[in-house]
Amino acid sequence: MTAHVRISLPDGSAREMPRGTTAAELAAAIGPGLAKAALAARVDGELVDLERPIEHDASVALVTAKDEADALELVRHDYAHVLAEAVQRLFPGTQITFGPATEDGFYYDFAPPPGRGPFTEADLPVIEEEMRRIIRADKPLRREVWDRDALIARWKAEGEHFKAEWAAQLPEGEEITVYWSGDDWMDMCRGPHLPSTGRLDPEAFRLTRVSGAYWRGDPRNPQLSRIYGTGWLNRKQLEAHLARLEEAAKRDHRRLGREMGLFHLQEEAHGSVFWHPRGWMIYRQLEAYMRRRLDAAGYLEVRTPQLMSARQWEQSGHWGKYRENMFVVPDEIPATEDGKPIVSGKGEFLALKPMNCPAHVLIFRQGLKSYRDLPLRLAEFGCCHRNEPHGALHGLMRVRQFTQDDAHIFCREDQLVSEVAAFIDLLDRVYRDLGFARYAIKLALRPAQRFGSDAMWDWAEQSLRDAVAATGRNTPEHGWEELPGEGAFYAPKLEFHLEDAIGRTWQVGTIQTDTVLPERLDASYIGEDGARHRPVMLHRAILGSFERFIGILLEHHAGRLPMWLAPVQVVVATIVSDADGWAGEVAAALAAAGLRVETDFRNEKINLKVREHSLMKVPVMLVVGRREAAERTVAVRRLGEERQETLPLDTLVPALVAEATPPDLRSAA
RNA sequence: GCCGCUUUAGCUCAGCCGGUAGAGCACAUCAUUCGUAAUGAUGGGGUCGUCAGUUCGAGUCUGACAAGCGGCACCA
């Protein structure tokens, strides 16, 4: 043991410092500017407090606000602690539990004092003010290692039962640390933290909302009161973030749906969509596109019943596993009492299908199948009903009635990998056609509770891995990742997560192997050997549900859909009524060429017409006045552009037709 | 399903301490024919989410229910 340690710095230089030197002292030795800017340090890659002594040779990097990811993580974690301290000061008797940094801020879960309900938004300004006081007081944050039993005793004595439980469950052998804020408040925490609360910007955070949250995420546990905040390094960043939120709110598909007249939802059919003509046009275009893609990929479209006997759902296993989410109707004409229906309960029950898979197996079972029939790909734009928990419903994104771009592929075991690989290629084509450049592929592996043998799971998981490898997409650039424990109870699955224009991700596509359902519903085929075999069944979807996918499309494009999907592609707007005749001819020519055209002959100013059609996100506006009528031309104005271009019809029509052609119908460039 | 909030005209919202509703936009009518994001005037429109309760009187206070919003949990 020498008295010195050798510290290598990120610029390649190295320094000898006395053993036990802290990162703060190191920063001071390098320069006063750095000492002031340093927030924490990375010692051999591990993020630690500035006050942590360096006990052996190490590479050390000081973390400043310039290391944004680290700095934000630190700052948000600190805001969470300041929040907890503020709440305990203002509301004595509140128990603290847990409060991490999140993607854009932080939260902290509290158990409010007995007799006081959960925190409400009205409490937030007061808490914010207290937080600012703590930040301005510039309280030093100090790390301290504690003995587990002593800490548990202390938490119990202070009535912090959640903390005591947490401490008791920390893994054996793990160092247990607390952080002091000044010398009058502490919380158990792994750290690291900033040197003092004063390093936070009192104007760079905002408490945003309150919510209930279950202790340890389990609904059987007590519900805690969670306070969310957003936190940044400085005020400017906070303002930029708030502006981004506003931008996201403008893209909200519920708002766009109303503004663009696409659909509505109402109480009498909550969770089911009323599609208006314009919204339904988007749906039709998307469905027609998918149908062409599936036809070309060798799928056979089918249509199966909405209602099937509960007996059938018992046999498929849904009755046991999924009944809570199924709509069940009696197969009888109900008696009435005071106008209210009375069900005898003696008759049979039918259930609205929550999934299409059993019905597809029933089609498969009609007639003896040969190995020559496989793979058999049965597709259905299947309308399903699921009685979702009420709190889960959300615009088009989570509904009770929806239509999947569903299909089930029945194949032999040796066809599995090539079928999955072909599916991934199809899905890739579709996402790119729809304007999504990036998506991540994840493999959800066997959960703890599952059906089937380990051998089956080994085989199924490896097959999916192999299939992704066959497409070359098992790389970090494709977001390739394996998720242990996330699979369905009967099989592993691949998940496809789309990234949208503002960086959010949406799980849409999926493909999963299934050997359980063919077994339960006794699906079989005759192999080359003349014996019966079980087919493997693949459940797969690319868009997931049309409803949700259209919601995602609207938010991704901020309502400005690509021309082939736009409900109205062109509006011909007149400036004076003298131009109506020519405008009518223009519209007729475009309609004859297959474009979706509307005319606007209203006695209104062109300013108003441009504004209204722009707000409706019509991609192309053709403005026609006396001049155009005389010259037999149109002035083309594109959505969001002020530039205009005057063109004769015979060049305009083919150009617009080309632009409005769905991507799969375009001739290869 | 759980926690919090919200529900007033088609939309966005105002309505103080309880005294039978108001704005802007939209809509209708009239005038205006006007060159690229709101022409002007006039007018019609509300059982204040539903059901109970308190009160001489409830949009306003209380309760239940429903839906919506933000989370949590759920999403075989």
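As the structure is a prediction and not an experimental result, all values here were calculated from the model. The sequence lines fix the lettering, A, B, ..., with proteins before strands; numbering per chain opens at 1.
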If you look at every strand shown and take non-hydrogen atoms under 4.0 Å, does [X] touch a base, only sugar-phosphate, or nothing?
X        : result
A:Gln266 : nothing
A:Leu224 : nothing
A:Gln449 : nothing
A:Ile606 : sugar-phosphate
A:Arg209 : sugar-phosphate
A:Arg626 : base
A:Ala635 : base
A:Ser614 : base
A:Arg254 : sugar-phosphate
A:Tyr228 : sugar-phosphate

Pairs: protein N or O with nucleotides 73-76 of chain B N or O, under 3.5 Å:
{"unit_1": "B:C74", "atom_1": "O2", "unit_2": "A:Arg398", "atom_2": "NH2", "d": "2.7"}
{"unit_1": "B:C74", "atom_1": "N3", "unit_2": "A:Arg398", "atom_2": "NH1", "d": "3.1"}
{"unit_1": "B:C74", "atom_1": "N3", "unit_2": "A:Arg398", "atom_2": "NH2", "d": "3.4"}
{"unit_1": "B:A76", "atom_1": "N6", "unit_2": "A:His318", "atom_2": "NE2", "d": "2.7"}
{"unit_1": "B:A76", "atom_1": "N1", "unit_2": "A:Tyr490", "atom_2": "OH", "d": "3.4"}

Is it the case that [X] places NZ or CZ above or below the six-membered ring of [Y], under 6.0 angstrom from the centre and within 45 degrees of the axis?
X        : Y        : value
A:Arg76  : A:Trp232 : yes
A:Lys321 : A:Phe489 : yes
A:Arg116 : A:Phe91  : yes

Using whole Å, report how far [atom1] of [X] lies from [atom2] of [N].
X        : N     : atom1 : atom2 : result
A:Glu103 : B:G71 : CD    : P     : 12 Å
A:Glu628 : B:U36 : CD    : P     : 11 Å
A:Arg611 : B:G35 : CZ    : P     : 19 Å
A:His270 : B:G68 : NE2   : P     : 6 Å
A:Arg643 : B:A37 : CZ    : P     : 15 Å
A:Glu259 : B:A37 : CD    : C1'   : 14 Å
A:Arg255 : B:C69 : CZ    : P     : 15 Å

B:A37 phosphate, OP1 or OP2, under 4.0 Å from A:Asn607 side-chain N/O: yes
Under 4.0 angstrom between A:His390 side-chain N/O and B:A67 OP1 or OP2: yes
Of A:Val623 and A:Ser225, the one whose closest RNA chain B nucleotide lies more 5': A:Ser225
Donor-acceptor pair (no angle test) under 3.5 Å: A:Gln223 side chain, B:C2 base: yes
Donor-acceptor pair present, A:Gln644 side chain and B:U36 base, under 3.5 Å: yes
Could you pull out the protein-nucleic contacts involving nucleotides 60-62 of chain B (nitrogen or oxygen on both sides, under 3.5 Å)?
none

Distance, C1' atom - from B:C69 to B:A26, rounded to whole angstrom: 24 Å
Rounded distance in Å between the P positions of B:G46 and B:U33: 35 Å
Residue matched to B:G49 through Watson-Crick or wobble contacts both under 3.5 angstrom: B:C65
Ring pair (Phe, Tyr, Trp, His ring centres under 6.0 Å) evaluation trace for A:Phe106 with A:Tyr108: CA-CA 7 Å; A:Phe106 55 95; A:Tyr108 206 106; 9.5 Å; no
